[in-house]
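Notes to accompany the following structure.
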Amino acid sequence: MKKRLSRLLVSLLTVSMLIPAGVMAADDSKTGTVGGNLEKIAAEKAALLTGTYGTTSVQYALIDNGTVKLSGQAGVNDAEGTKPLTKDTLYGIGSTSKVFTAVAVMKLVDDGKIDLDTPLVSYIPDFKMKDERYTKITPRMLLNHSSGLQGSSLRNAFLFEDNDTYAHDSLLAQLSTQNLKADPGAYSVYSNDSFTLAEILVERVSGMSYTAFIHQSITKPLEMNNTKTSQEKLDASKLPGLYFPTSPAQLPNEVINVIGTGGIYSTAEDLLKFSTIFTGEATGILSEKSIKAMEQDEYKKGIWPEDADNSLDYGLGWDSVKLFPFNQYDIKAVTKGGDTILYHASLVVLPEQNMAAAVLSSGGSSATNQLLANELLLHALKDNGTIDEFLPEKSFGTPVKADMPSDVSKHAGYYGATNQQMKADITEEGELLITVPIVPEYPAEKYVYTKDGTFVSEDGSIKISFVTEKNERTYMWARQYVAIPELGQLAISQYIGEKLASHEITGETKAAWVAREGKTFYPLNEKYTSLMYLIQKPVLEINTAAGLEGYMLDKKLIDPNTAFSDHQVPGTGSRDTSVFKFYNQDGQEYLEAAGSLFVSEDSVTPLYAGKKSVVTLQPNGHAKWYTVPEAAAGKTMTVKMPFHGAFAVYNEQGICVNFTVASGENTVTLPENGTIVFAGASNSAFLIDLN
């Protein structure tokens with residue numbers, strides 16, 4: 001149980017990396033323990049990803065001084081094993097697309113059409129927000145994640161075989177109803193909306209579609225013939241097989257409809273062609289000035305922890321501009337990872353060494369992909385004599401307990417980050433105990449006070465301290481070395497939570513939230529092709545009883561119907577904040593959050609248990625949810641489907657047992673205490689047979 005809580009804390013640090021569960025174990029292996037040549041090492045490490053770390057298929061390549069020195073694949077493509085993986089298999093690269101967006105903007109900077117520090121409204125006059133500070137947002141702030149936007153307006157952005165442009169087309173309208181969560185430029189925190197807005201910026205300034213612009217300015221000059229966007233026809237024969245743990249059949253392709261944020265498809269070798277922009281081999285794409293600007297320490301422009309070994313130090317578009325472990329060898333490394341639901345990618349570039357590695361996969365994670373890329377580059381550097389020996393894995397060492405000053409105890413309390421709340425207790429004996437109120441069954445994580453003024457875990461992998469920043473907010477700062485067996489280490493240094501102030505609420509407000517306590521709210525306006533329906537039952541549960549009074553996890557209860565996140569945690573801690581707004585209409589309670597609409601469980605009724613029935617969606621096109629009554633459990637439901645519609649069935653644990661878009665099956669055995677959702681076009685009718 002203790003390890004599970006450790007993973008929860010790690011998840012706060014590595015939201016953008018999506019490390020798979022079960023890979024966080026301690027390991028005594030050292031980077032580079034596998035002997036033999038680079039091709040053999042690559043094959044063995046890639047097989048490790050597919051055999052141990054949840055990766056279905058992986059594609060990798062390495063370039064050295066303009067020459068591809070390594071290219072390969074591992075894993076399975078189709079269940080039958082008849083369709084080979086090749087170097088031309090196209091993978092979604094997710095947020096690695098953001099570096100393309102940064103290059104596109106910098107290309108327009110080079111052309112004199114954009115100034116990074118001119119207000120964005122000069123280029124997009126119809127960009128407006130409720131918060132007057134929006135006029136201070138600049139293109140630079142979009143690219144370094146410091147715009148202050150709430151985070152992610154991704155409704156209908158991740159769809160099966162559907163390139164609906166709603167998420168792109170509706171962004172300006174959605175932003176017009178929002179406030180900022182911080183002053184523009186105050187701190188950098190991962191922001192998907194910033195890059196979709198940057199995509200729109202490129203379109204407005206260039207007068208071209210984003211897809212056309214990046215082809216004209218990037219992919220065609222570099223002969224990246226296997227790079228497409230979600231707005232192009234993707235050849236199914238060139239895409240990898242996609243699978244999900246709860247869905248045994250091969251899935252349709254995942255289409256990401258915010259290109260600037262995550263909607264590019266490419267190959268490892270094509271990404272290496274892209275990397276030559278930054279290693280100097282490719283000329284005419286960007287000026288040297290713009291390339292260097294992208295590599296600068298943009299994260300230092302706002303609130304940020306002191307420099308430490310890390311995998312997250314934002315540049316312009318880059319996740320890190322001083323990536324560990326290369327900083328240990330005094331080698332400059334920049335990186336960008338990407339994770340969608342089914343695709344994962346990592347690009348690591350060593351600009352001064354004229355080297356890069358790219359690893360793409362279906363299944364797995366960008367974190368393990370990055371570790372494979374790191375391993376390939378380190379071995380190549382050793383082969384060419386740039387480094388003599390592989391350095392051992394790092395640790396903070398076994399903690400030696402020291403006397404703790406009494407004033408350290410003032411940092412005890414509750415700390416919040418997006419959808420997270422932690423409690424920090426500090427004992428007189430000099431121990432820090434971290435618990436998560438919403439999961440009280442997990443025992444406390446224990447840390448020992450040491451002479452350098454920090455708390456260190458018993459195994460020496462995590463160091464925690466408390467910092468009051470220039471904005472007078474107090475943060476919990478965690479540094480961690482994460483060992484991934486046989487793949488190396490990740491280093492992470494982030495503020496993982498901000499101390500939450502006590503917050504008194506009125507009796508009326510308390511009564512309203514108590515009435516909602518424990519209730520589940522069901523989504524209504526996500527498109528029927530959305531991957532959201534496959535992952536798990538996509539509901540929100542109201543929980544204000546656990547943790548600090550006056551809060552729902554990290555959200556402060558403002559009045560009977562409103563809650564919002566008031567914290568400002570850089571890195572990933574305040575990523576994807578949103579306002580929760582409840583309202584009643586026609587006797588039903590609804591919740592609006594980040595562009596999505598939910599309805600209370602009070603409005604969810606049992607499915608008719610008779611032999612035949614019809615479910616008809618309303619003119620507003622909202623989905624309809626039903627519970628499985630006892631009389632229907634165990635029966636076989638067959639549905640005659642509308643052309644634009646789908647249904648999903650979930651068991652009592654919220655696991656999807658059938659989603660018609662994914663499975664192609666319109667017949668399912670209804671589980672006991674299950675749930676069903678019907679979604680589709682307005683007025684769609686579903687004809688139901690129960691046997």
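Along the sequence shown, the residues carry numbers beginning at 1.
If you take OG on Ser152 and CG on Asn192, they are separated by 3.5 Å, rounding to the nearest 0.5 Å. Distance NE2/His344 to CD/Gln370: 14.5 Å, rounded to 0.5 Å. One distance of note links CD1 of Ile303 with CG of Asn471; it measures 3.5 Å at 0.5 Å rounding. Separation of atoms CZ (Phe580) and CE (Met552) is listed at 4.5 Å; rounding is to 0.5 Å. The OG1 atom of Thr96 sits 5.5 Å away from the NZ atom of Lys336 when rounded to the nearest 0.5 Å. The distance from atom CG of Asp313 to atom CG of Leu323, rounded to the nearest 0.5 Å, is 8.5 Å.
In terms of modelled atom types and a separation under 3.5 Å, the side chain of Ser395 and the main chain of Gly460 share a donor-acceptor contact. Of the possible donor and acceptor atoms, one in the side chain of Thr50 sits under 3.5 Å from a partner among the backbone N and O of Ala47. Without hydrogens or angle criteria, Lys45 side chain to Glu486 main chain gives a donor-acceptor distance under 3.5 Å. Judged purely by atom type and a 3.5 angstrom limit, Ser361 has no side-chain atom pairing as donor or acceptor with the backbone of Gly364.
Ring geometry for His145 versus Phe195: interplanar angle of 30 to 60°, hence tilted. Ring pair Tyr551/His503 is perpendicular by interplanar angle, where above 60° counts as perpendicular and below 30° as parallel. Between Tyr495 and Tyr475, the ring planes lie parallel to each other; the angle is under 30°, not in the 30° to 60° tilted range.
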- request: Walk me through it: do Asp559 and Thr509 pass the test side-chain hydrogen bond (donor to acceptor under 3.5 Å, both in side chains)?
  value: CA-CA 5 Å; Asp559 59 39; Thr509 296; over 6 Å; no
Trp477 and Ser493: CA distance, side-chain angles, deciding distance, side-chain hydrogen bond (donor to acceptor under 3.5 Å, both in side chains) verdict: CA-CA 7 Å; Trp477 177 21; Ser493 171; 2.9 Å; yes
- request: Show your working on side-chain hydrogen bond (donor to acceptor under 3.5 Å, both in side chains) between Ser188 and Glu298 and close with a plain yes or no.
  value: CA-CA 8 Å; Ser188 293; Glu298 288 288 324; over 6 Å; no
- prompt: Are Leu360 and Val58 close enough, and set up right, to give a side chain to side chain contact (heavy atoms under 4.5 Å, CB included), and what steps lead you there?
  reply: CA-CA 6 Å; Leu360 312 180; Val58 60; over 6 Å; no
field: Trace of the salt bridge (charged side-chain N to carboxylate O under 4.0 Å, His left out) decision for Glu592 with Lys581
entry: CA-CA 5 Å; Glu592 288 183 331; Lys581 188 72 177 179; over 6 Å; no
- prompt: Would Ser191 and Asp193 satisfy side-chain hydrogen bond (donor to acceptor under 3.5 Å, both in side chains), going step by step from the backbone distance to the final call?
  reply: CA-CA 6 Å; Ser191 171; Asp193 282 353; over 6 Å; no
query: After noting the C-alpha distance and the side-chain angles of Asn543 and Ile438, does the key distance pass the side chain to side chain contact (heavy atoms under 4.5 Å, CB included) rule?
result: CA-CA 8 Å; Asn543 189 325; Ile438 199 170; 3.6 Å; yes
- request: Assess whether side chain to side chain contact (heavy atoms under 4.5 Å, CB included) is satisfied between Leu48 and Tyr53, documenting all intermediate values.
  value: CA-CA 7 Å; Leu48 186 68; Tyr53 294 131; 3.9 Å; yes
message: For a ring pair (Phe, Tyr, Trp, His ring centres under 6.0 Å) check, start with the C-alpha distance between His379 and Phe390, then their side-chain angles and the critical distance, and finish with the verdict.
response: CA-CA 9 Å; His379 279 277; Phe390 298 119; 4.8 Å; yes
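Lys300 has a carboxylate O that lies under 4.0 Å from a charged side-chain N of Asp307, or vice versa, which qualifies the two as a salt bridge. Between Lys136 and Asp183, no side-chain nitrogen of the basic residue sits less than 4.0 Å from a carboxylate oxygen of the acidic one, so the salt-bridge criterion is not met. Under 4.0 Å is where a charged nitrogen must lie from a carboxylate oxygen, and between Arg479 and Asp309 no such pair does. The pair Lys463-Asp452 meets the salt-bridge criterion, since a charged nitrogen lies less than 4.0 angstrom from a carboxylate oxygen. Under 4.0 Å is where a charged nitrogen must lie from a carboxylate oxygen, and between Arg516 and Glu589 at least one such pair does. Salt bridge Glu498/Arg473: present, at least one basic N to carboxylate O contact under 4.0 Å.
Gln494 and Thr572 share a side-chain donor-acceptor pair at under 3.5 Å. Tyr190 and Lys98 share a side-chain donor-acceptor pair at under 3.5 Å. Using a 3.5 Å distance cut-off with no hydrogens or angles, the side chains of Ser600 and Lys519 do not pair a donor with an acceptor. A side-chain donor from one of Thr368 and Ser365 sits under 3.5 Å from a side-chain acceptor of the other. Gln353 and Lys332 share no side-chain donor-acceptor pair at under 3.5 Å. Using a 3.5 Å distance cut-off with no hydrogens or angles, the side chains of Ser320 and Ser311 do not pair a donor with an acceptor. A donor-acceptor contact closer than 3.5 angstrom is absent between the side chains of Gln150 and Ser578.
At most 12 non-hydrogen atoms from other residues, nucleotides or ligands lie less than 6.0 angstrom from NZ of Lys510. Heavy-atom contacts from other residues, nucleotides or ligands closer than 6.0 Å to CD of Gln653 number more than 12.
Under the 6.0 Å cut-off for aromatic ring centres, Tyr187 and Tyr299 do not qualify, their centroids lying 6.0 Å or more apart. Two rings, from Phe582 and Phe521, have their centers less than 6.0 Å apart. Aromatic rings of Phe598 and Tyr522 (six-membered ring for Trp) have centroids beyond the 6.0 Å cut-off, not under it. The six-membered or imidazole ring of Tyr415 lies near that of Phe466, with a centre-to-centre distance under 6.0 Å.
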